[in-house]
Amino acid sequence: MKTLKNVAVGDTAKVVKIHGEGPVKRRIMDMGITKGVDIFVRKVAPLGDPLELNLRGYELSLRKEDAENIEVA
């Protein structure tokens with residue numbers, strides 16, 4: 001299973017499924033990350049966490065812990 005955490009900087013991935021339970025999944029979906037959305041990985045912070053993403057016309061910072069719950073293709 002490929003997750004958003006494993007996508008290289010400069011690559012785009014399409015969300016296949018969001019894993020996780022209850023509030024974690026709800027928070028990810030509230031940020032606009034839903035099935036079928038294309039996410040561009042813009043950069044990674046110097047210490048490796050968080051990821052800086054572009055999706056739906058805006059920028060988003062996401063912890064790697066949360067990125068592990070997002071399955072991509």
Side-chain angles (χ1 to χ4, degrees):
M1 176 178 80
K2 184 178 179 183
T3 64
L4 188 57
K5 178 182 175 183
N6 303 332
V7 176
V9 174
D11 287 350
T12 301
K14 184 179 287 287
V15 176
V16 173
K17 185 175 182 181
I18 299 172
H19 299 276
E21 295 293 321
V24 174
K25 186 173 182 177
R26 178 85 248 155
R27 187 165 45 88
I28 290 171
M29 293 176 71
D30 287 345
M31 288 187 267
I33 300 172
T34 55
K35 184 177 177 181
V37 171
D38 289 324
I39 300 177
F40 175 72
V41 180
R42 204 165 76 89
K43 65 181 179 180
V44 178
L47 296 176
D49 203 15
L51 305 171
E52 195 164 302
L53 313 169
N54 283 33
L55 66 140
R56 297 184 186 261
Y58 69 94
E59 295 179 358
L60 174 69
S61 292
L62 187 69
R63 296 182 312 211
K64 283 192 173 180
E65 179 183 328
D66 293 332
E68 286 179 345
N69 291 322
I70 303 167
E71 185 178 341
V72 296

Q) Just how far is it from atom CD of E71 to atom NZ of K35, taken to the nearest 0.5 Å? A) 10.0 Å
(Q) Working to the nearest 0.5 angstrom, can you tell me the gap between L60 CG and E52 CD? (A) 9.0 Å
Q: Indicate yes or no for a side-chain donor-acceptor contact from D49 to the backbone of K64 under 3.5 Å, with no hydrogens or angles considered.
A: yes
Q.
Let's go through I33 and D66 carefully: what are the C-alpha distance in whole Å and the side-chain angles of both, what is the deciding distance for side-chain contact (heavy atoms from CB on, under 4.5 Å) to 0.1 Å, and is it a yes or a no?
A. CA-CA 11 Å; I33 300 172; D66 293 332; over 6 Å; no
Q. Can you list the steps and then say if V72 with T3 is a side-chain contact (heavy atoms from CB on, under 4.5 Å)?
A. CA-CA 5 Å; V72 296; T3 64; 5.7 Å; no
**Q.** Spacing of CZ belonging to R42 relative to CG belonging to L55, to within rounding of 0.5 Å
**A.** 12.5 Å
Q: Taking all non-hydrogen atoms of both residues into account, name the closest pair between R56 and T34 and its distance.
A: NH2-OG1, 2.6 Å
Q: Could you please spell out the steps behind the side-chain contact (heavy atoms from CB on, under 4.5 Å) verdict for M1 and H19?
A: CA-CA 11 Å; M1 176 178 80; H19 299 276; 3.4 Å; yes
Q: Identify whether I18 and V37 are in the same connected component of the hydrophobic contact network (ILVMFWY, side-chain heavy atoms under 4.5 Å).
A: yes
Got a list of side-chain donor-acceptor pairs under 3.5 Å for residues 7-15, not counting sequence neighbours?
from: K14; atom 1: NZ; to: G36; atom 2: O; distance (Å): 3.3
from: K14; atom 1: NZ; to: D38; atom 2: OD1; distance (Å): 3.3

**Q.** Distance (rounded to the nearest 0.5 Å) between L62 CG and L4 CG
**A.** 6.5 Å
Q) Shortest non-hydrogen contact from A67 to L51? A) CB-CD1, 3.8 Å
Q. Is there side-chain contact between V24 and E65, with at least one heavy-atom pair below 4.5 Å?
A. no
